[in-house]
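Encoded as structure tokens, the structure appears first; notes follow it.
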Amino acid sequence: MIRRGTAADPLRVGVLVSGSGSNLQALIDRFAEPASVVRIVAVASSRDGVRALARADEAGIEHGVFVRGADGAERDRRLGAWLDARGVELVVLAGYMGILTPGFLAGRVAINVHPSLLPAFPGAHAIEDALAHGARVTGVTVHLVDEGLDSGPIIVQDAVQIDQDDDAGSLAERIHGVEHRLLPETVLALAQDRIALDGRRVRLLPA
Ligand code: GRF
């Protein structure tokens, strides 16, 4: 699906963010060693002034702001060109709020982390929606990005129990803990060429 990264020539990853960037931080920490087969080379935010940009700055990673104007396709063309100029081979959406245009996704591999067990509770309020629905189990999904809303093929999922005393804050804390493990694991599996796609079904090959 993607070029295999090596220590000598790591897979070049661009991370798209919109907020606090705790998932970005998990990726930065996971792939910090110089011998890593993954290198985060660019961070692009859809919002200015967010903590994720400060995290990129502290880690010495090139970063930029790409706010969506009236023409999303035009913004995505600028974003794509900026990532291409940095040799990005895999795009990781880590708390990125927005839908990428077909022109951006053509010829690119992108993955997203989502705080529910898709296809349940897509969209921007998945944690609150699962609670309000009265679900007893929710979780985390990492999936390939397609043109829809949280609709691409699922790569990995992990469940999180909803306790009867949970509120959005306590549930979010446990979900984020799972995200911070699953997202770097998935990026590593892609960099090791261990993910195969058969229609919508993803096969995860052993390490
Ligand atoms: C995460 O829960 C992610 O699943 C969702 O937005 C949140 C981003 O958190 N799409 P952070 O910016 O990585 O801290």
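Counting starts at 1 for both ligands and their atoms, in listed order. Worth saying up front: this structure is predicted, and the values here are computed from it rather than measured.
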Starting from the N and O atoms of ligand 1, find every protein N or O within less than 3.5 Å and list the pair with its distance.
residue: ligand 1; atom: 2 (O); partner: H176; partner atom: ND1; Å: 3.4
residue: ligand 1; atom: 2 (O); partner: E179; partner atom: OE1; Å: 3.1
residue: ligand 1; atom: 2 (O); partner: E179; partner atom: OE2; Å: 2.9
residue: ligand 1; atom: 4 (O); partner: V113; partner atom: O; Å: 3.3
residue: ligand 1; atom: 4 (O); partner: E179; partner atom: OE2; Å: 2.3
residue: ligand 1; atom: 12 (O); partner: S20; partner atom: N; Å: 3.4
residue: ligand 1; atom: 12 (O); partner: G21; partner atom: N; Å: 2.8
residue: ligand 1; atom: 13 (O); partner: S22; partner atom: N; Å: 3.3
residue: ligand 1; atom: 13 (O); partner: N23; partner atom: N; Å: 2.9
residue: ligand 1; atom: 13 (O); partner: N23; partner atom: ND2; Å: 2.9
residue: ligand 1; atom: 14 (O); partner: S20; partner atom: OG; Å: 2.5
residue: ligand 1; atom: 14 (O); partner: G21; partner atom: N; Å: 3.4
residue: ligand 1; atom: 14 (O); partner: S22; partner atom: N; Å: 2.8
residue: ligand 1; atom: 14 (O); partner: S22; partner atom: OG; Å: 2.6

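- The salt bridge (Lys or Arg N to Asp or Glu O under 4.0 Å) check on R78 picks up E74, with sequence neighbours excluded.
- Partners of D158 under the side chain to side chain donor-acceptor pair (under 3.5 Å) rule, at least two apart in sequence or in another chain, are R181.
- Atoms CD1 and OG1, on I175 and T138 in that order, are 4.5 Å from each other to the nearest 0.5 Å.
- For the residue pair S22/H180, the side-chain donor-acceptor check at 3.5 Å is satisfied.
- Remark: the backbone N or O of D198 is not paired with any side-chain donor or acceptor of R203 at under 3.5 angstrom.
- Side-chain contacts under 4.5 Å among hydrophobic residues (ILVMFWY), followed directly or transitively, place I99 together with L149.
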